[in-house]
> 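Below is a structure I'd like to ask you about.
In what follows, chains are A, B, ... by sequence order, proteins preceding strands, each numbered from 1.
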Amino acid sequence: MGLRVYNTLTREVEDFAPQDPALVRMFVCGPTVYDYSHAGHAKTYTQFDFIARYLGRRYQVRYLQNVTDIDDKIIARAAQAGQSARELADYFQVAYDQDMSWLGNTAVTDTARALDHIAEIVSQVQRLIAAGAAYELDDGWYFDLSTFPEYGKLSGRMTVAPEDSLSRIDEHHAKRNPGDFALWKRAKPGEPSWDTDLGPGRPGWHIEDTAITEKFFGAQYDLHGGAVDLIFPHHEAEIAQMEKISGRAPLARYWMHTGLLRIDGAKMARSEGNFTTVRQLRQQWDRRTLRYAFISHHYRSSMEVTDELMDSAQASRKRIESLYRRATADGPSPDAVAQEVRAGREAFFAALDDDFDTPGALAALFSLVRSLNRHESGLGADVRDFLQEVDALFDAFDLRSVVENSAGQGIAGQSIAGDSADAHIEEQVRLRAELRAARRFAEADEIRAQLAAKGIIIEDTAGGTRWWYGTGQGG
RNA sequence: GGCGCAGUGGCCGAGUGGCUUAGGCAAGGGCCUGCAAAGCCCUGUACACGGGUUCGAUUCCCGUCUGCGCCUCCA
């Protein structure tokens, strides 16, 4: 069974087939770098990171993201801070990169800044002018929507409705149609601008994306992503620009949109001032717990990050890690167990193939976890392999530290730990075992308490005592 | 007002025209354990409301209500 994805353009789940059977070209709208990224960015970019990783199982993936490094807010903030727009954008782009790498979002293969693509942007505007789809006003060039009747096909908003009584579309001066959007903004005094054949100015917001995707992918590509709040007008405008220029449709074969992250019931957004930054989240939670929280929701759902949710995510995560810790047998598991693993693995991937149903996949995973937990011992390499395979996609479990540190005595004598600190712990664990054997429990418990104070966790099992380093504050 | 998405058990959250339970967290009871931890077993409340289609609907259709998003920058 193949991969199926929900396409916003058709409002249906469709079979996924890239233009080039071996390669997926995907583009996800990146941030405007005028401030720190927040939990909403973390959600969207983590979910697309997962999607790209999953596509990577079957295809080579070219994952392109843009960075908007010039716009009104950047200019305004820079002026406030006494910096150049460039300095401010550079600073927040670095901050964004740091936040994404903290989250473990590693799948982006190409990052493109708007200001590095002025020539491509100008070229697109010129071609729109040549096609009769752009016109000039005193403050810049605009797209003429009357030349693109399909405008609105992504959002289902096919008529620019006079009855949109609450519409806040700028009725500015001489625009031919109320929804016409800026392609190139003429330079204003004191603002940064670029000298081009269109005159001094700077790009409109929508045109940078199509200029960048055309450069990297050509006129058409496979997958375009972003959060739902970008559907209108941003993605509509991209479609209008590129399909007008190329005469080919669709711009992107599959349009995928993530649900928004809410706070107190309302959308989290920088412009709303109600946002929690990634940097703040970082103080409170382990990055894997945060990733787990995102992965445990379907990408299209909206969600809210609460302490209760995060506690739940942490507990769930640890359940997987505990199983991994238990799977210590050298070879493969016994046949009956191996069969369970195969069946569970199959169910897991079947769910993911169905429009990246991560909650469904986790359900399959936990069903397997429970059935495997019934086995006292014998869980072997196939279990470890599967959990590693899962984690290569989710990156939400702390399997590695467990491998490196679960060296307690009594577990098949395998001590992976080597340094002196670990040797000391080994010694303490051994001493405690002797005390327990002598039924001197008070002293044994004292050792356990001392180790716990250092963040070392101890478990007595039928096979002996295991120990490992806990995953730290906040889990 | 227009367009779009959604309403599932204490919380989170998939899914399905009837088949055996989604799953996780939390709660209560039990087992295991010197204790702890981990784990296992058991227990409980579901599908917003009103119609319709159907032998049968939480699952399809219509309507109502409610929430969210977009219509301005926005992941």
Side-chain angles (χ1 to χ4, degrees), chain A residues 8 11 28-32 34 37-48 65 68 71-73 152 154-170 178-179 205 225-234 236 257-262 265-272 275 292-293 296-298 300-304 306 308-323 325-326 347 351 354 357-367 369-376 436 439-442 444-445 448-449 452 457-462 466:
Chain A
T8 305
R11 311 271 166 194
V28 174
C29 288
T32 302
Y34 71 89
S37 52
H38 58 62
H41 300 107
K43 172 188 187 292
T44 288
Y45 295 126
T46 300
Q47 288 172 330
F48 277 113
Q65 212 175 78
T68 301
D71 90 320
D72 293 345
K73 283 177 181 167
L154 183 65
S155 57
R157 192 175 309 187
M158 293 299 285
T159 51
V160 179
E163 68 273 16
D164 285 4
S165 57
L166 298 183
S167 171
R168 284 156 290 187
I169 289 174
D170 173 26
W205 177 37
V228 285
D229 59 347
L230 295 183
I231 293 173
F232 190 97
H234 185 52
E236 296 285 9
H257 292 97
T258 53
L260 298 175
L261 190 134
R262 287 173 284 110
K267 171 186 175 179
M268 176 179 289
R270 290 187 288 204
S271 56
E272 304 291 328
F275 61 94
Y292 185 93
S296 68
H297 291 68
H298 190 94
R300 281 193 274 133
S301 304
S302 64
M303 61 175 280
E304 185 146 4
T306 62
E308 194 178 15
L309 175 72
M310 294 300 287
D311 287 341
S312 169
Q314 183 175 307
S316 303
R317 203 194 108 199
K318 302 234 174 226
R319 199 165 148 73
I320 303 293
E321 293 164 6
S322 290
L323 172 65
R325 202 172 290 133
R326 181 175 291 111
D354 180 15
D357 180 9
T358 49
L362 284 173
L365 177 60
F366 280 112
S367 294
V369 168
R370 189 196 297 154
S371 86
L372 293 179
N373 276 338
R374 292 189 186 119
H375 302 280
E376 186 66 27
R436 287 180 68 221
R439 306 194 66 80
R440 289 158 66 178
F441 295 122
D445 289 351
R448 181 170 61 196
I457 297 167
I458 280 198
E459 266 184 24
D460 299 321
T461 72
R466 269 197 294 259

> Is there a side-chain contact between A:S301 and the phosphate of B:C5, meaning an N or O under 4.0 Å from OP1 or OP2?
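It does not, given that no N or O in the side chain of A:S301 lies less than 4.0 Å from OP1 or OP2 of B:C5.
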> For A:R439, look at atom CZ and say whether over 12 heavy atoms of other residues, nucleotides or ligands are found less than 6.0 Å away.
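No, CZ of A:R439 has 12 or fewer neighbouring heavy atoms, counting only those of other groups under 6.0 Å.
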> OP1 or OP2 of B:A75 sitting under 4.0 Å from any side-chain N/O of A:R270?
yes
> Closer than 4.0 Å, any side-chain N/O of A:R374 to the OP1 or OP2 of B:C41?
yes
> Does the side chain of A:V228 reach to within under 4.5 Å of the side chain of A:I231, using non-hydrogen atoms?
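A side-chain contact exists here, since the closest heavy-atom pair is under 4.5 Å.
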> With a 4.0 Å cut-off on heavy atoms, is A:G40 in touch with a base, just the backbone sugar-phosphate, or nothing at all?
base
> Kindly write out the residues that satisfy side-chain hydrogen bond (donor to acceptor under 3.5 Å, both in side chains) with A:K267, not counting sequence neighbours, or none if the list is empty.
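A:K267 satisfies side-chain hydrogen bond (donor to acceptor under 3.5 Å, both in side chains) with A:D229 once adjacent residues are dropped.
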> Just jot down the side-chain hydrogen bond (donor to acceptor under 3.5 Å, both in side chains) partners of A:T32, sequence neighbours excluded, or say none.
none
> Base, sugar-phosphate, or nothing for A:L261, non-hydrogen atoms under 4.0 angstrom?
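The answer is base, as A:L261 lies within the cut-off (heavy atoms under 4.0 Å) of a base atom.
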> Nearest to the side chain of A:S367, heavy atoms from C-beta on, is which of B:G23, B:A75, B:A38?
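Minimum distance to the A:S367 side chain belongs to B:G23.
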> Of all the nucleotides listed (B:C12, B:A38, B:C73), which has the minimum atom distance to the side chain of A:L309?
B:C12
> Distance check, rounded to the nearest 0.5 Å: A:T306 atom OG1 versus A:D311 atom CG?
8.0 Å
> Provide, to the nearest angstrom, the distance between the CG atom belonging to A:L230 and the P atom belonging to B:U72.
14 Å
> Identify the heavy atoms of A:L230 and A:C29 that sit nearest to each other, and give their distance.
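Shortest heavy-atom contact: CD1-CB, 3.6 Å.
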> Over all heavy atoms of both residues, which pair between A:A293 and A:L309 is shortest? Give the atoms and the distance, please.
CB-CD2, 4.4 Å
> Consider the side chain of A:N373, meaning its heavy atoms from C-beta on, and name the nucleotide among B:C40, B:C71, B:A14 that approaches it most closely.
B:C40
> Work out how far the C1' atom of B:C62 is from that of B:G44, and round it to whole angstrom.
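Pairwise C1' distance, B:C62 against B:G44, rounds to 35 Å.
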> Roughly how many Å apart are B:U8 and B:A22, using the C1' atom of each and rounding to a whole number?
11 Å
> If only side-chain N and O atoms of A:K267 are considered, is one of them under 4.0 Å from the OP1 or OP2 phosphate oxygen of B:C70?
yes
> Quote, to the nearest angstrom, the C1' distance that separates B:G56 from B:G13.
27 Å
> Taking B:C49 as the reference, what is the distance to B:A6 when you measure between their C1' atoms (whole Å, please)?
16 Å
> Taking the nucleotide of RNA chain B with the closest heavy atom to each, which residue, A:R11 or A:P31, is nearer the 5' end?
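Final value for this comparison: A:R11.
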> Using the P atom on both, measure B:C5 against B:C41 and round to a whole Å.
40 Å
> If you assign each of A:S155 and A:Y45 to its closest nucleotide in RNA chain B, which residue comes earlier from the 5' end?
A:S155
> Taking only N/O atoms, report every protein-nucleotides 42-47 of chain B pair under 3.5 Å with atom names and distance.
none

> If you round to the nearest 0.5 Å, how far is CD of A:Q65 from OH of A:Y45?
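The CD atom of A:Q65 is 5.0 Å from OH of A:Y45, to the nearest 0.5 Å.
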> Please write out the pairs of protein N or O atoms and N or O atoms of nucleotides 25-31 of chain B separated by less than 3.5 Å, giving the distance to one decimal.
residue	atom	partner	partner atom	Å
B:C25	O4'	A:S312	OG	3.2

> Each nucleotide N or O in nucleotides 32-34 of chain B that has a protein N or O under 3.5 Å away: list the pair and distance.
residue	atom	partner	partner atom	Å
B:G34	O6	A:R436	NE	3.1
B:G34	N1	A:D445	OD1	3.0
B:G34	N2	A:D445	OD2	2.7

> Taking only side-chain N and O atoms of A:H297, does any of them lie within less than 4.0 angstrom of OP1 or OP2 on B:G13?
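Affirmative; the distance criterion is met.
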> Please determine whether a side-chain nitrogen or oxygen atom of A:T8 lies at a distance below 4.0 Å from atom OP1 or OP2 of B:C5.
no
> Return the stems involving RNA chain B, sorted by first number, where pairs are Watson-Crick (N1-N3 with N6-O4 or O6-N4) or G-U wobble (N1-O2 and O6-N3), both under 3.5 Å, and runs are 3 or more long.
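Ordered by first number, the stems with RNA chain B (at least 3 consecutive pairs each) read B:1-7 with B:65-71, B:10-12 with B:23-25, B:27-31 with B:39-43, B:48-52 with B:60-64.
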> If you measure only the distance, is there a donor-acceptor pair under 3.5 Å linking the side chains of A:T258 and A:Q47?
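The criterion, which ignores hydrogens and geometry beyond distance, is not satisfied for A:Q47 and A:T258.
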> Quick check for you: among B:A75, B:C73, B:G2, whose closest atom lies nearest to any side-chain atom of A:R157?
B:G2
